[in-house]
> 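Here it is, the structure, as structure tokens.
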Number of protein chains: 2
Amino acid sequence: MSPQERTHATIVDVANRAGVAISSASAALNDRPGVSPSTRDRIRKVAAELGYVPSIRGRSLSTKRAFSVGFVVERDFAVLEADPFFGAFIGGIEETLEPNGYALSLQIAGSAESSLDRQVKLADARRVDGVFLSEIRIDDPRIEALRTRGLPAVGINPDAGFPFPAVRQDSAVAIHELVQEMVDLGHRRIAHVMGRESYVHTEQRLAAWRDAMSSAKLPAKTVVEGGFTYEGGVRAADRLLSRKQRPTAVFCANDLMALGFMNRAAELGLSIPDDISVAGFDGISVGEYIRPRLTSIRTDPRALGRESARVLLELIDGEAPADVEIPPATVLSRDSLGPAPR
Amino acid sequence: MSPQERTHATIVDVANRAGVAISSASAALNDRPGVSPSTRDRIRKVAAELGYVPSIRGRSLSTKRAFSVGFVVERDFAVLEADPFFGAFIGGIEETLEPNGYALSLQIAGSAESSLDRQVKLADARRVDGVFLSEIRIDDPRIEALRTRGLPAVGINPDAGFPFPAVRQDSAVAIHELVQEMVDLGHRRIAHVMGRESYVHTEQRLAAWRDAMSSAKLPAKTVVEGGFTYEGGVRAADRLLSRKQRPTAVFCANDLMALGFMNRAAELGLSIPDDISVAGFDGISVGEYIRPRLTSIRTDPRALGRESARVLLELIDGEAPADVEIPPATVLSRDSLGPAPR
DNA sequence: TTGAAAGCGCTACCAA
DNA sequence: TTGGTAGCGCTTTCAA
């Protein structure tokens, strides 16, 4: 075991070469007051000559900061692949992190238990200064674990009453619009294929659909669970389309389920949107590539990531950031919605 | 700025409480010899009572290790979303990293320049002990940057002669099989939609296609560039299908381009696979969800990630790991290939 | 087997 | 404005 480290210039080297004290070098290099302009310049020049880059390790130990934040993705590998949220969200996080000298420590957990475990380990080893909490569950155990540890955290689309600062993007309005659009097209039997049970966003979408249905004076009772997977969408189609009074339109809680639903419906001999209208949620790019193109709800995971990171950094800096609400999701009208068959 | 750090138990606390020297505590906690069984047990017990978790920061500074490795993903955000490699590869990396106490520092770079820049910063700030090099270009400038810094790195599917240890998955054999399958179906005019210029994997797939064509005594001259994007696939279809002697089969260097190609072909009134056969590369799950289902080549990014991380950790440990070759990619036969039209 | 202490690279406090 | 120095939490060397 030989950590092959090239010898980097340290602040001591800079101070020596510049003929100043280490503390002066530190102050100069960090734009802290208390150094005369001339020595400051000299120190800077020497640092540049030496190719000095501060060691995050030394700084970390002395400032008690990791300069790194954590994100534990809790998602099945299979789902992960087709998931649009992931990449864009991380991209957004990075937009904020990078200019602030922070790095992202990413972990992938296959299950909720290991997700909690990973989160705890990141915190206990003081690898990170804070974490992102997405895919929040009802009574999510991570919340308590984080609170006992006093680790800064920011929630992505949590429910009201969430104990940490939150960043939210409303999708209820878009879901209302979508349902209304269906109603305007003459649909009365509108079903919902909901996501995985006990996730907050599953409930949020379900509730929005219910509200929209009730606004339209329509009964909101046809709901089946699809678990956010393609296969779940297939099964949902099997269950919903075998009914005597089958729905004429379906709102799926994500695009992957909508894909499964559409394919199964087609296999069952139904044509979309002539026999049945389908809409998804997420606005994944693949929705644009399939035929008919999938009507969906477009969210902005990138902005969510960017803002979450901003809030998290503020929190880490000891501020008390307010919750952030980014512009709401919008309906992405494409071809999978049509007039209700008569 | 108040780094809200709960006071964690340190090794000093453990040593004090156990009534031993710090060095003994360290030895006991790290399974190093030189501590009697009884004191070792006592120290362990105290550590457990105190909920002691070693601070990675302190350890990092003293061992000159970050216990973290870096991965800079250089990909367009739009492409990233539909990219199957990303998530699975990271998942694989994690499988190796986690049990070894390492974390992954992930960065997303929009361009090649910023990718290099990020890589350099990670290295210079000593945030990571090594990095993964994927999406390698011909004469990739990152290689030189890494070498000057003496930072351990492992290449993912690099060309022969790559200066760092490498992990590879052969796809030439599968491409040969695929082309042969096309030939067996009666195709003679088989085109290739290649990926983005100057990427090693673009060249590798192109070369494999050329070889396969020449093995079949067929001219390998119909090639258009598609840049690995959906739109590139669309443009390729426009160019290839407007020819007087249009190809009857097309091998696209990734699935996304194949999707674009298929959709455009359909728009032009061609039916797949009756009028034209299409195959992709990657085996993305969406290929299963579209109609006709896309024939492709299945790679194993997860295994690639797992092995790469293993090699990288060995390298960091000062060993001299040999290159690794994981089982080759395979043809994923689905529905987008059919007999040549006559 | 045990303990004391130096040192990793940096920040920050206190004197000069 | 400068310099000296303690200390962050750990590993590791060297004495006892």
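Everything quoted here is computed from the prediction, not taken from an experiment. For the numbers below, each heavy atom of this structure counts, side chains included, while hydrogens, waters and symmetry mates do not. Letters A, B, ... mirror the listed sequences (proteins, then strands); counts begin at 1.
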> Applying salt bridge (charged side-chain N to carboxylate O under 4.0 Å, His left out), can you list everything that pairs with B/Glu135, at least two apart in sequence or on another chain?
B/Arg75
> Report yes if a side-chain nitrogen or oxygen of A/Arg59 is closer than 4.0 Å to either non-bridging phosphate oxygen (OP1 or OP2) of C/dT11; otherwise report no.
yes
> Over how many whole Å does the gap from B/Arg57 atom CZ to D/dG9 atom P extend?
9 Å
> Sequence neighbours excluded, which residues qualify as side chain to side chain donor-acceptor pair (under 3.5 Å) partners of A/Arg310?
A/Glu307, A/Glu314
> With sequence neighbours left out, what residues match A/Arg32 under salt bridge (charged side-chain N to carboxylate O under 4.0 Å, His left out)?
none
> Can you run down the salt bridge (Lys or Arg N to Asp or Glu O under 4.0 Å) pairs that involve residues 8-19 of chain B, sequence neighbours left out, and say none if there aren't any?
B/Arg17-B/Glu49
> Going by number, which of residues 28-51 of chain A have a non-hydrogen atom under 4.0 Å from DNA chain C?
A/Asn30, A/Arg32
> Please report the end-to-end axis angle for the helix from C/dT1-D/dA16 to C/dA16-D/dT1, five pairs per end, rounded to 10 degrees.
50°
> Starting at atom CZ of B/Phe67, determine the distance to atom C1' of D/dT11, rounded to an integer number of angstrom.
10 Å
> Using a strict heavy-atom distance below 4.0 Å, which residues from residues 9-27 of chain B are in contact with DNA chain D?
B/Thr10, B/Ile11, B/Ile22, B/Ser23, B/Ser26
> Taking side chain to side chain contact (heavy atoms under 4.5 Å, CB included) as the definition, give me every residue that meets it alongside B/Asp31, ordered by chain and number, with sequence neighbours left out.
B/Arg40, B/Arg44
> Measure from the side chain of B/Thr63, starting at C-beta and using heavy atoms only, and say which of C/dG9, D/dC10, D/dT11 lies closest.
D/dT11
> Do any side-chain nitrogens or oxygens of B/Lys64 fall under 4.0 Å of OP1 or OP2 in D/dC10?
no
> Please list all pairs meeting ring-ring contact (aromatic ring centres under 6.0 Å, His included) that have one or both residues in residues 148-168 of chain B, counting only residues at least two apart or in different chains.
B/Phe162-B/Phe164
> Atom CG of A/Leu61 to atom C1' of D/dA6: distance rounded to whole Å?
13 Å
> Show every ring-ring contact (aromatic ring centres under 6.0 Å, His included) that has at least one partner inside residues 9-53 of chain B, sequence neighbours left out.
none
> Please identify each residue that fulfils salt bridge (charged side-chain N to carboxylate O under 4.0 Å, His left out) with A/Asp159, with sequence neighbours left out.
none
> Take the protein atom NE2 of A/His8 and the nucleotide atom P of C/dG9, then report the distance between them rounded to whole Å.
10 Å
> Is the shortest distance from a Lys or Arg side-chain nitrogen in B/Glu325 or B/Arg168 to a carboxylate oxygen in the other one below 4.0 Å?
no
> Measure across B/Ala25 and B/Ile11 and return the closest heavy-atom pair with its distance rounded to 0.1 Å.
CB-CG1, 4.0 Å
> Please name all residues satisfying side chain to side chain donor-acceptor pair (under 3.5 Å) with A/Ser198, sequence neighbours left out, ordered by chain then number.
none
